[in-house]
Amino acid sequence: MDHEAVFEFDYPDPESARRVDRSVGVEVGDIEGDRTTASLDRDGATLTVTVAAADLVALRAGCNTWLSLVSVAESCADATPRTDG
């Protein structure tokens, strides 16, 4: 893949990050296509979403998809990212 975007989400505690990770993690591999892949990594209270794509159009679509999935998971899990830097 020629293009990549990396998003880090910091949560108040590891349990909040784990809930979001488990919610969206089931989608890895299921919604990918020939032009886009995604991976998740959690380190304590930080969840990292990496989207890779063959072209910029596919990257934008993949980013929109994964950012939406994380947003919904946060709403459902009542886990919100820290905003204190």
Side-chain angles (χ1 to χ4, degrees):
M1 299 287 168
D2 294 332
H3 305 280
E4 182 178 86
V6 179
F7 301 96
E8 285 189 355
F9 301 91
D10 294 321
Y11 295 94
D13 54 72
E15 179 59 28
S16 297
R18 186 188 70 78
R19 282 194 303 261
V20 174
D21 181 24
R22 291 186 64 187
S23 293
V24 299
V26 298
E27 302 296 340
V28 173
D30 285 346
I31 60 174
E32 296 172 351
D34 294 339
R35 296 167 43 209
T36 307
T37 61
S39 63
L40 301 176
D41 182 51
R42 186 175 59 85
D43 183 14
T46 301
L47 176 65
T48 303
V49 178
T50 303
V51 180
D55 56 77
L56 291 175
V57 172
L59 182 64
R60 181 183 53 81
C63 290
N64 287 341
T65 296
W66 285 95
L67 291 173
S68 295
L69 288 171
V70 169
S71 178
V72 169
E74 289 172 349
S75 296
C76 293
D78 193 30
T80 54
R82 291 190 314 228
T83 58
D84 60 351

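- Taken together through direct or relayed side-chain contacts under 4.5 Å among Ile, Leu, Val, Met, Phe, Trp and Tyr, Leu56 and Trp66 form part of one hydrophobic cluster.
- A pairwise comparison of heavy atoms in Ser23 and Ala73 identifies CB-CB, 3.7 Å as the closest pair.
- Two different hydrophobic clusters hold Phe9 and Val6 under the rule that ILVMFWY side chains link at heavy-atom gaps under 4.5 Å.
- Taking 4.5 Å as the limit, some side-chain heavy atom of Arg19 sits within range of a side-chain heavy atom of Ser16.
- Between Val20 and Tyr11, the closest side-chain pair of non-hydrogen atoms falls below 4.5 Å.
- If you take CZ on Arg60 and NE2 on His3, they are separated by 13.0 Å, rounding to the nearest 0.5 Å.
- Taking each heavy atom of Leu40 and Val24 in turn, the nearest pair found is CD1-CG2, 3.6 Å.
- Considering OG1 of Thr50 and CD of Glu8, their distance stands at 8.5 Å, rounded to 0.5 Å.
- Within the model, atoms CG of Leu59 and CD of Glu4 stand 9.0 Å from one another, a figure rounded to the nearest 0.5 Å.
- Val51 and Val57 are members of different hydrophobic clusters when ILVMFWY side chains are connected at heavy-atom separations under 4.5 Å.
- In this structure, Asp55 contributes its side chain and Ala58 its backbone to a donor-acceptor pair below 3.5 Å.
- Thr36 and Ala53 get closest at one heavy-atom pair: OG1-CB, 4.1 Å.
- Proximity of a side-chain donor or acceptor of Arg42 to a complementary backbone N or O of Gly44 within less than 3.5 Å is detected.
- To the nearest 0.5 angstrom, Asp2 atom CG is 12.0 Å from Arg35 atom CZ.
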